[in-house]
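All values below were derived from every heavy atom in this structure, side-chain atoms included, with hydrogens, water molecules and symmetry-related copies excluded. Just so it is clear, the structure is predicted and the values come from calculations on it, not from any experiment.
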Amino acid sequence: MSDVLIVGGGFAGVWSAAAAARVRGESDLRVTLVSPNEDMVLRPRLHKLDPDWTRVPLKRVLEPIGVTHVRAAVTGIDTTARRVDLGDRSIGYDRLVLAAGSHLVRASVPGADHLFDIDSVEGVARLAGRLHDRSGFTAVVIGSGFTGLELATELAERGRVILIERADVVGPDLGPGPRPVIEAALAELGVEVRLGVTVASVGEKGVVLSDGGEITSDVVVWTAGMQASSLTAQIPAERDRLGRLKVDRRLRVFGDVFAAGDVAAALADPDHHVVQSCQFATPMGKAAGHNAAADLLGLPLVDFTPDPYVTCLDLGAAGAVFTTGWDRAVELTGREGKDLKNEILEVIHPPLDDAAEILRAAGEQSNGVRG
Ligand SMILES: Cc1cc2nc3c(=O)[nH]c(=O)nc-3n(C[C@H](O)[C@H](O)[C@H](O)COP(=O)(O)OP(=O)(O)OC[C@H]3O[C@@H](n4cnc5c(N)ncnc54)[C@H](O)[C@@H]3O)c2cc1C
């Protein structure tokens, strides 16, 4: 009997498990997924501040397809002995898929303990708890990337929002394409934007900025910077500046180790690496899980062939902006953009309970979203 072991229960891990189970067929291949929580978390839904809406019970995806869920956090990986350490015990593997995701890089400013975040269900529950019943609150959101913009525009429906950006433009990493739409939305919603400043310190009652300005607020939310899981450092292979492992087009790091999702720097096309997003994590998981199992069973491996790159940024009551291509050409805005965003937030939910449907979806490389 051989073992495919998947570390992580997010988009990449769950779809790796489903794809490996699909390839397994009637063979005696064992597929095991290790992750500490009983739920998969749909992180693109986190900015809505509704923790229950983000959780998917792993049991209802994995059990029907015969995947074993080991509830534990991996603390070490020994690629020579082919074992992962769970603290109190270890598990062996024949093929490993590392899919342990990413996390927000914590701020290192005085008073950082007072910062809120929406990086996890726990973070969202803490923020939602603080804002519960507070009408007319003031929120400072630090960072105007995807997460900061989605949160700022969401909160603007309920209170005063001040968006802090170190660069001299909003959404510096999003490029000039969608910027006029984003700026118009922020103005429409009354979000106050402070450019060219960052945070000097944080306290119970607000924030001091790098230019000496002070803002009194109910919450200060940090959204800037993502980093791959530190487990990537346990694999002796090249990593990029985000800590992601370099993988080939089959998502293999080397030999019996594959990586998928936010821990993997795969090529999306000949000129671009994937960005950390569920639109790439999902098809990467499917390809990596397929390949890990197929490699053991002597079946053909598949290339990672993602859909063309798109983005859909929620802008709260101002709609959403949908872009295509690496230059992010604007295709939809306002109500039309919002309808597509709502559609995406639904389709990222995996099928539950129905083995045939879960395995069918595991065989689809395309996310089925317009590009
Ligand atoms: C607020 C927010 C909004 C986002 N919005 C969008 C969006 O609109 N569109 C989009 O495409 N992307 C979006 N993303 C990014 C997207 O959510 C991630 O790219 C995606 O979740 C990556 O999937 P993953 O499976 O690689 O990792 P994750 O979803 O991070 O899952 C990692 C899994 O690994 C587990 N794990 C971690 N450490 C260990 C360990 N030591 N041992 C065992 N298991 C471990 C975790 O518990 C988790 O189950 C957003 C992210 C955030 C935070």
Side-chain angles (χ1 to χ4, degrees), residues 1-38 40 58-59 61-101 228-239 243-248 250-264 266 281 284-302 304 358-359 362:
M1 190 178 292
S2 326
D3 284 288
V4 171
L5 183 65
I6 293 148
V7 178
F11 292 96
V14 164
W15 285 112
S16 279
R22 179 173 171 274
V23 176
R24 170 180 56 192
E26 299 303 311
S27 75
D28 64 357
L29 189 77
R30 264 195 310 228
V31 183
T32 304
L33 182 149
V34 186
S35 73
N37 303 310
E38 62 184 331
M40 170 184 184
L58 280 170
K59 189 182 162 83
V61 185
L62 302 180
E63 256 186 30
I65 56 172
V67 172
T68 304
H69 180 201
V70 174
R71 273 194 69 184
V74 171
T75 53
I77 301 171
D78 182 339
T79 55
T80 307
R82 299 208 288 195
R83 297 196 75 77
V84 302
D85 196 351
L86 307 182
D88 56 351
R89 67 206 142 113
S90 69
I91 317 184
Y93 63 80
D94 296 291
R95 293 293 179 276
L96 176 71
V97 180
L98 184 64
S229 161
S230 57
L231 285 178
T232 56
Q234 309 234 352
I235 309 280
E238 193 184 346
R239 295 187 297 152
R244 302 184 300 179
L245 291 159
K246 297 275 177 74
V247 289
D248 68 15
R250 270 92 187 261
L251 305 185
R252 198 194 292 266
V253 184
F254 58 76
D256 40 32
V257 179
F258 294 80
D262 284 2
V263 295
M284 286 170 96
K286 292 174 181 176
H290 174 104
N291 288 342
D295 208 26
L296 283 170
L297 297 172
L299 297 172
L301 273 57
V302 294
F304 167 58
I358 296 164
L359 296 178

Leu297 CG to Ser2 OG distance, which is reported to the nearest 0.5 Å: 7.0 Å
How long is the span from the OG1 atom in Thr79 to the CG atom in Asp256, to the nearest 0.5 Å? 8.0 Å
In Å and rounded to the nearest 0.5 Å, what is the CZ to CG distance from Phe258 to Asp248? 7.5 Å
Over all atoms of both residues, closest heavy-atom pair of Val263 and Ala228: CA-CB, 4.1 Å
Distance-only, no hydrogens or angles: does the Ser90 side chain make a donor-acceptor pair with backbone N or O of Asp85 under 3.5 Å? no
Between Thr68 and Thr32 (side chain of the first, backbone of the second, donor and acceptor by atom type, cut-off under 3.5 Å), is there such a pair? no
Determine, for Asp295 against Arg250, whether the closest basic-nitrogen to carboxylate-oxygen distance falls under 4.0 angstrom. no
Does the side chain of Ile91 reach to within under 4.5 Å of the side chain of Val34, using non-hydrogen atoms? yes
Checking side chain to side chain contact (heavy atoms under 4.5 Å, CB included) for the pair Phe304/Val247: CA distance, chi angles, key distance, verdict? CA-CA 10 Å; Phe304 167 58; Val247 289; over 6 Å; no
Side chains of Val31 and Arg24, heavy atoms from C-beta outward: is any pair under 4.5 Å? yes
For the student: nearest non-hydrogen atoms of Val23 and His290, plus distance: CG2-ND1, 3.3 Å
Reported CG-to-CE distance for the pair Leu296 and Met1, which is rounded to 0.5 angstrom: 12.5 Å
Where the side chain of Arg22 meets the backbone of Ala362, is there a donor-acceptor pair that is under 3.5 Å apart? no
Is the side chain of Ser16 donor-acceptor paired with the backbone N or O of Ala288 at a distance under 3.5 Å, no angle test? no
For Asn291 and Val302, indicate whether the former's side chain and the latter's backbone hold a donor-acceptor pair under 3.5 Å. yes
Result of checking Val74, Asp78, Val70 against Val84 for side-chain contact (heavy atoms from CB on, under 4.5 Å): Val74
Do Tyr93 and Val257 pass the side chain to side chain contact (heavy atoms under 4.5 Å, CB included) test, and can you show the C-alpha distance, the side-chain angles, and the key distance before you say yes or no? CA-CA 10 Å; Tyr93 63 80; Val257 179; 4.1 Å; yes
Could you report the tightest heavy-atom contact between Val67 and Ala21, atom names first, then the distance? CG2-CB, 4.1 Å
Within a strict 4.5 Å, meaning less than it, do heavy atoms of the Arg82 and Asp94 side chains meet? yes
Taking every heavy atom of Pro300 against every heavy atom of Ala294, the minimum-distance pair comes out as O-CB, 3.6 Å
Please report the interatomic distance CG(Leu5) to CZ(Arg83), rounded to the nearest 0.5 Å. 10.0 Å
Minimum-distance pair of heavy atoms, taken over all atoms of Thr75 and Gly87: OG1-N, 3.4 Å
Under the 3.5 angstrom rule, does the side chain of Gln234 hit a backbone N or O of Ile77 as a donor-acceptor pair? yes
Hey, are Asp3 and Arg30 close enough for a salt bridge, meaning a charged N less than 4.0 Å from a carboxylate O? yes
Under 3.5 Å: donor-acceptor pair, side chain of His69, backbone of Glu38: no
Any idea which heavy atoms bring Ala266 and Met284 closest together, and the distance? CB-CE, 3.7 Å
Side-chain donor/acceptor of Arg71 to backbone N/O of Pro36, under 3.5 Å: yes
